[in-house]
Amino acid sequence: MTSALGSRLRLRPLRPALRQERAGGRATGGPQEWVRDSTRPSAPQFKPGKLYPGESDAPENAFGYGYGWWLGDGDRGDYLAIGILGEFVYVSPRDRTVIVIVKISEDLNSGAHETESIAAFRAIADQVGRT
């Protein structure tokens, strides 16, 4: 998965941490600790709704930001990684759900689909969380 800044996220090393998160566990050390720390706003301006002050209609304001993760708003505790080629990793600890979409899109503007994607991921997580 490649970000807009060119950084690369390899999914294989994150698998154990994401499995632990999905299982509701809170292991410490290594990837699990990094996932926990990286999915919290590191400063007040990174909280949901605060990324673009004065631009309430900016799509990014629907999210907060951690260390490379977009953070959901509200009390769900969900977060996601978004690649520039349409890749997504969505995690909902509350629903114990991880959704990974690995695709290559010709559309380099994946940002246009972020808001609708998180709505779809949340709907799926809600259904999975009920089972």
- Task: Please assess V98 against V91 for the test side chain to side chain contact (heavy atoms under 4.5 Å, CB included), listing each intermediate value before the final yes or no.
- Result: CA-CA 5 Å; V98 176; V91 181; 4.3 Å; yes

- Task: For residues Y65 and L51, determine if any side-chain heavy atom of one lies less than 4.5 Å from a side-chain heavy atom of the other.
- Result: yes

- Gap separating the CZ atom of R94 from the CZ atom of R76, nearest 0.5 angstrom: 4.0 Å

- Query: What distance separates S38 OG from Y79 OH, expressed to the nearest 0.5 Å?
  - Reply: 7.0 Å

- For the residue pair Y67 and D37, confirm or rule out a side-chain donor-acceptor distance under 3.5 Å. no

- Side-chain donor-acceptor pair under 3.5 Å between W69 and T39, yes or no? no

- Note on the structure: To the nearest 0.5 Å, atom CZ of F121 lies from atom OH of Y90 at 9.0 Å

- Message: Quick check for you: to the nearest 0.5 Å, what is the distance between T97 atom OG1 and D78 atom CG?
- Response: 10.5 Å

- Note on the structure: Shortest non-hydrogen pair, R122 vs G72, comes out as NH2-CA, 3.4 Å

- side chain to side chain contact (heavy atoms under 4.5 Å, CB included) between L80 and V89: does it pass, once the steps are laid out? CA-CA 5 Å; L80 65 159; V89 176; 5.9 Å; no

- Item | Rounded distance (nearest 0.5 Å) linking atom CG of D126 with atom OG of S92 | 7.5 Å

- Note on the structure: So CG of L71 and CZ of F63: to nearest 0.5 Å the spacing works out to 10.0 Å

